2 protein chains.
Amino acid sequence: MVYFVNLMVDFIVYRVDNRLMRTYGQHCGLAEALDLVGDRWTLLILRELLIRERCRYTDIKAALPRIATNLLASRLRELERHDLLAREDDPPPVATALYRLTPLGLALEPAILALGQWGARHLAPADKAVMQPHWLVLPLKIFVRDADPAQSRASIELQTGGEKIALSVGGGRHTVRLGAAENPAATVAAKPKVILKLFSGGMSLAAAKAAGLRIDGNADVLRRMLPKTA
Amino acid sequence: MVYFVNLMVDFIVYRVDNRLMRTYGQHCGLAEALDLVGDRWTLLILRELLIRERCRYTDIKAALPRIATNLLASRLRELERHDLLAREDDPPPVATALYRLTPLGLALEPAILALGQWGARHLAPADKAVMQPHWLVLPLKIFVRDADPAQSRASIELQTGGEKIALSVGGGRHTVRLGAAENPAATVAAKPKVILKLFSGGMSLAAAKAAGLRIDGNADVLRRMLPKTA
DNA sequence: CGGCATCCTCTTTGATACTG
DNA sequence: CAGTATCAAAGAGGATGCCG
């Protein structure tokens, strides 16, 4: 399938899917990472799988406005070939393929979070860019902390922009997951922008309430997750 | 200069350098980061500036075999425009332009290290890829630790593949810098591969010596910087 | 030389249409 | 739903030329 074609001195090219795959040809971690995930759209595809854990083709396409469908198909094939994701052909009832990250793909999380944190520092405000609420999961993975690790495990559910996000802390760990929480101590509803400013420390809880945030349940668990500065 | 052209609903394009600049048009940290540094070669250019601190055009070009010269010039212009790097036109004597990272560009270090660390996990061994010894600075930034932070500041100099790398620890910080060290407690010479395995914990100091590593000076400072597992 | 700009070819991407 | 096929446009790679 993959065979090497040595075109010139120190220049290696792979032939994949009947077309050439470029490589930087540098023995350097960054260059080799970019050989695998440096193509356009690739990291955004992995972002979706990181957030949703398992997606259908259409889920990914919907989250990536304007990606060409052939390009998405090609990227998914490449990523599967390189073992960053796996395709589960679901059992007969509903014959829809599901994609999920492999351990190798999941291991990209720190890099994706770091890049996202850097890029978020100058998110142009109020431009025409599309904002999908489930993307909040990434910054929340960065900002959620447990102010009282000794206390028992507790969770809350965020409701924002039509999505639900489950946050839980305790036992020295914290998790952020898209989807409804089980037995949340509180349910918190607010606009995405308010959630983000609240958890990033740029807005106090009082200010967030004034901006429309609503808490249903025990507010202490929410406070426990917020940065100290808030 | 930069003006917006709204081609279609929710699709934004900038015109730069008399050519279109693509954007994902997503209000998401990762997407906005990739809008700025997602183009081919861009992160590798930033890697060079991260390692060398200040480079001439030719230094970067030499470290990036096969980059087209017009492409490098274009990328540098873009990065300067977005304030990731700055061009210093040196004083009259030698009228050579120097490039260095701005604080915004330097802030990419964690993301570049994280990506590099991920990519390094399956560096194909013994392939035709080019290896430049100064690239060792990146993994060393990850692996160097101070086993005894209470002790006073000390530094060593690595000599490998014709390059010198200064490592220093103490005061709760550690630095890795390309170039000769000032008053190093020891000078360590070895092949790049040996250095990397030694600091990543994959090879003991004894094994490294057997593989040709030579220490001139106080070996304790070197031991202090190695991971415990070694 | 160092630092690009131009020109040309080839590859990748984007948009759309179509299929099992 | 989950892609494949097709084709035009944009981008990358390589050679060369220009200018201080």
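In what follows, chains are A, B, ... by sequence order, proteins preceding strands, each numbered from 1. Computed from a predicted structure; not experimentally measured.
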Problem set entry | 5′-ward residue of the pair Leu76(A)/Asn70(A) relative to DNA chain D | Leu76(A)
Among [options], which nucleotide sits nearest the side chain of [X]?
{"X": "Arg22(B)", "options": "dG11(D), dA2(D), dG14(D)", "value": "dG11(D)"}
{"X": "Arg87(A)", "options": "dG2(C), dA12(D), dG3(D)", "value": "dG3(D)"}
{"X": "Arg77(A)", "options": "dG14(C), dG14(D), dT4(D)", "value": "dT4(D)"}
{"X": "Ala68(A)", "options": "dA15(C), dG13(D), dA2(D)", "value": "dA15(C)"}
{"X": "Arg75(B)", "options": "dG14(C), dA12(D), dC4(C)", "value": "dA12(D)"}

For this session: Using the side chain to side chain contact (heavy atoms under 4.5 Å, CB included) rule, pick out the option among Asn70(A), Asp39(A), Val37(A) that qualifies with Arg75(A).
Result: Asp39(A)
Problem set entry | From CA spacing to verdict: side-chain contact (heavy atoms from CB on, under 4.5 Å), Thr42(B), Glu78(B) | CA-CA 10 Å; Thr42(B) 300; Glu78(B) 280 292 278; over 6 Å; no
For this session: Count the heavy atoms belonging to other residues, nucleotides or ligands that lie under 6.0 Å from NZ of Lys61(B), then report whether that count exceeds 12.
Result: yes
Exercise. Any idea which heavy atoms bring His174(A) and Val144(A) closest together, and the distance?
Worked result: NE2-O, 3.4 Å
Problem set entry | Contact list for DNA chain C against residues 34-44 of chain A - heavy-atom distance below 4.0 Å | Arg40(A), Trp41(A)
For this session: Please round to 10 degrees the angle between the axis of the first five pairs and the axis of the last five pairs in the helix from dC1(C)-dG20(D) to dG20(C)-dC1(D).
Result: 30°
Exercise. Looking across every strand, which nucleic acid part, if any, lies under 4.0 Å from Thr69(B) by heavy atom: base, sugar-phosphate, or nothing?
Worked result: base
For this session: Round to the nearest Å and state the distance from Glu78(A) atom CD to dG3(D) atom C1'.
Result: 16 Å
For this session: Give a yes/no answer on whether the side chain of Tyr99(A) brings an N or O atom under 4.0 Å of OP1 or OP2 in dG3(D).
Result: yes
Problem set entry | Short side-chain N/O contact to dG2(C) OP1/OP2 from Thr96(B), under 4.0 Å | no
For this session: Please figure out whether Leu71(A) or Ala73(B) has its closest DNA chain C nucleotide nearer the 5' end.
Result: Ala73(B)
